[in-house]
**Q** 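There's a structure below that I have some questions on.
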2 protein chains.
Amino acid sequence: MGNVYRFVEPVVLLLLKKKGRSYGYDLSSDLQDFALTDAEIERAALYRTLRQLEGNGNVRSEWETDKAGPARRVYRLTAKGERHLEEWATVLDNLSKSMARFVKDTRATLRK
Amino acid sequence: MGNVYRFVEPVVLLLLKKKGRSYGYDLSSDLQDFALTDAEIERAALYRTLRQLEGNGNVRSEWETDKAGPARRVYRLTAKGERHLEEWATVLDNLSKSMARFVKDTRATLRK
DNA sequence: TTCCAATAGATGCAGAAATCATCTATTTCG
DNA sequence: CGAAATAGATGATTTCTGCATCTATTGGAA
C-alpha cells in the first residue's frame with residue numbers, strides 16, 4: 001500500500017488549512033494523527049507530496065530564515081488548494097459510503 | 001490511481017463468493033457494478049489480480065473446456081480466500097469510518 | 001570547545017506496480 | 001468466408017514506493 005493509498009495529499013491539505021501555515025518537519029508530527037490509515041507516512045513521501053502540491057498550484061511556499069535552527073520551507077494553501085480539498089472531501093465521502101455498502105454486502109454474503 | 005487504489009482484490013473475492021465459481025471474462029462484466037470507485041478496471045489488471053490471488057492461495061483455478069467457445073480458467077474461493085475477504089471487510093470498515101471522520105472534519109474546517 | 005542529537009529539507013536508486021498496447025486462439029453468426 | 005465476440009495473457013514503458021543516504025544548522029551535554 002503506497003502513498004496514494006495512504007491519502008497523504010488530502011491530509012496535508014487539511015492540516016495546512018487548519019494550521020494556516022506550516023512546514024514539512026512540523027507537519028510530519030501531526031500527520032499520523034490525522035492519517036486515514038495507520039500505515040506510517042514517511043518523511044520522504046511528505047516532502048515529495050508537498051513539492052508536487054506546489055507544482056500543481058495547490059500550495060505556495062517560501063523560506064523562513066528568521067527563526068532559530070535550519071531554514072524552513074513554509075507552505076500555505078492557495079485558493080486552488082482549498083477547492084482541491086473540497087473535491088477530496090467529495091471523493092472521500094463517496095468512497096467512504098461505497099466502502100460501507102461493500103462491507104455490509106460482504107458480511108451479509110459471508111453469513112449465508 | 002492504480003489497482004490497489006481501485007480495490008480490485010476485495011471486489012473479486014466478493015464476486016467469487018457470491019457466484020461460487022467464475023472466470024475472468026465473466027467477472028469483468030460484473031466488476032464495475034461492485035467496484036468501490038468508478039475508475040475503470042482494466043481486463044489486464046483483472047487477469048493479473050486473479051493469478052496473484054491464486055499465487056497466494058486465496059483462489060484455485062481449473063480449465064473448463066467442455067463449454068462452447070474458448071477454454072475458460074474457472075476460479076473459486078479457497079477457505080483461505082474466504083478469510084482474506086473477511087480481513088478485507090475489517091480493513092475497509094475501518095477505512096470507511098476514518099474517511100467519514102475526515103470528511104466531517106474537513107467540511108467543518110472549511111466552513112469556518 | 002568539542003561533539004552528539006535534534007531539526008530541516010531533500011535526493012538516489014532498486015524494485016514494484018500501473019498503463020497501454022498488443023498478441024493468440026476459438027467459436028458464432030451474418 | 002470474414003467480422004465480431006469470447007477468453008486469456010504478456011511486453012514495454014513509465015511511474016511510484018521504500019529505504020537509505022546526504023547536506024546543513026543549531027542547542028546542549030560532557
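Within every chain, numbering begins at 1; the chains are lettered A, B, ... in the order of the sequence lines, protein sequences first and strands thereafter.
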**Q** Looking at B:Arg73, I'd like to know whether one of its side-chain N or O atoms comes within less than 4.0 Å of OP1 or OP2 on D:dA9.
**A** yes
**Q** Does B:Arg51 have any side chain to side chain contact (heavy atoms under 4.5 Å, CB included) partners at least two apart in sequence or in another chain, and if so, which?
**A** B:Glu54, B:Arg73, B:Tyr75
**Q** For A:Arg60, enumerate each residue passing the side chain to side chain contact (heavy atoms under 4.5 Å, CB included) test, keeping only those at least two apart in sequence or located in another chain.
**A** A:Arg76, A:Thr78
**Q** Take the protein atom OH of A:Tyr75 and the nucleotide atom C1' of C:dA8, then report the distance between them rounded to whole Å.
**A** 11 Å
**Q** Quick one: which of D:dG18, C:dC20, C:dG9 gets closest to the side chain of B:Glu42?
**A** C:dC20
**Q** With the side chain of A:Trp63 defined as its heavy atoms from C-beta on, choose the nearest nucleotide among C:dT19, C:dA10, D:dA7.
**A** C:dA10
**Q** For DNA chain D, which residues of residues 22-35 of chain B approach it to below 4.0 angstrom with any heavy atom?
**A** B:Tyr23, B:Gly24, B:Tyr25
**Q** Would one find a side-chain N or O of B:Arg72 under 4.0 angstrom from OP1 or OP2 of D:dA7?
**A** yes
**Q** Atom CZ of B:Arg6 and atom P of C:dA17: how far apart are they, to the nearest Å?
**A** 15 Å
**Q** A:Gln52 CD to D:dC16 P: how many Å, rounded?
**A** 7 Å
**Q** Please examine the side chains of A:Ser22 and A:Asp26, heavy atoms only from C-beta on, and report whether any two atoms are closer than 4.5 Å.
**A** yes
**Q** Who are the salt bridge (charged side-chain N to carboxylate O under 4.0 Å, His left out) partners of B:Arg43, not counting sequence neighbours?
**A** none
**Q** Polar atoms only, N or O, under 3.5 Å: list the protein pairs with nucleotides 11-15 of chain D and their distances.
**A**
{"from": "D:dG11", "atom 1": "N7", "to": "B:Arg48", "atom 2": "NH2", "distance (Å)": "3.4"}
{"from": "D:dG11", "atom 1": "O6", "to": "B:Arg48", "atom 2": "NH2", "distance (Å)": "3.2"}

**Q** Figure out the OH/P separation between B:Tyr47 and D:dT6, and round it to whole Å.
**A** 11 Å
**Q** Partners of B:Glu86 by side chain to side chain contact (heavy atoms under 4.5 Å, CB included), sequence neighbours excluded?
**A** A:Leu110
**Q** Kindly write out the residues that satisfy side chain to side chain donor-acceptor pair (under 3.5 Å) with B:Tyr23, not counting sequence neighbours, or none if the list is empty.
**A** B:Arg72
**Q** Is a salt bridge present between A:Glu40 and A:Arg6, judged by a nitrogen-to-oxygen distance below 4.0 Å?
**A** no
**Q** Tell me every residue that passes side chain to side chain donor-acceptor pair (under 3.5 Å) with B:Gln52, counting only those two or more places apart in sequence or in another chain.
**A** none
**Q** Take the protein atom CD of A:Glu62 and the nucleotide atom P of C:dG9, then report the distance between them rounded to whole Å.
**A** 13 Å
**Q** Residues two or more places apart in sequence or in another chain: which of them pass side chain to side chain contact (heavy atoms under 4.5 Å, CB included) with B:Ala44?
**A** B:Glu42
**Q** So, using side chain to side chain donor-acceptor pair (under 3.5 Å) as the criterion, who are the partners of B:Asp30 when residues are at least two apart?
**A** B:Lys19
**Q** Rounded to whole angstroms, how far apart are CZ on A:Arg51 and P on C:dG9?
**A** 10 Å
**Q** Which heavy atom of A:Phe102 sits nearest to which heavy atom of B:Phe34, and what is that distance?
**A** CD1-O, 4.3 Å
**Q** Return the value, rounded to whole Å, for the distance between atom CG of A:Leu46 and atom P of C:dT7.
**A** 15 Å
**Q** List the residues meeting side chain to side chain donor-acceptor pair (under 3.5 Å) with B:Asp105, not counting sequence neighbours, and say none if there are none.
**A** A:Lys18, B:Thr109
**Q** Might you list the N or O atoms of the protein lying below 3.5 Å from N or O atoms in nucleotides 23-30 of chain C, with each pair's distance?
**A**
none

**Q** Tell me: CD of A:Glu64 to C1' of D:dT26, nearest whole Å?
**A** 15 Å
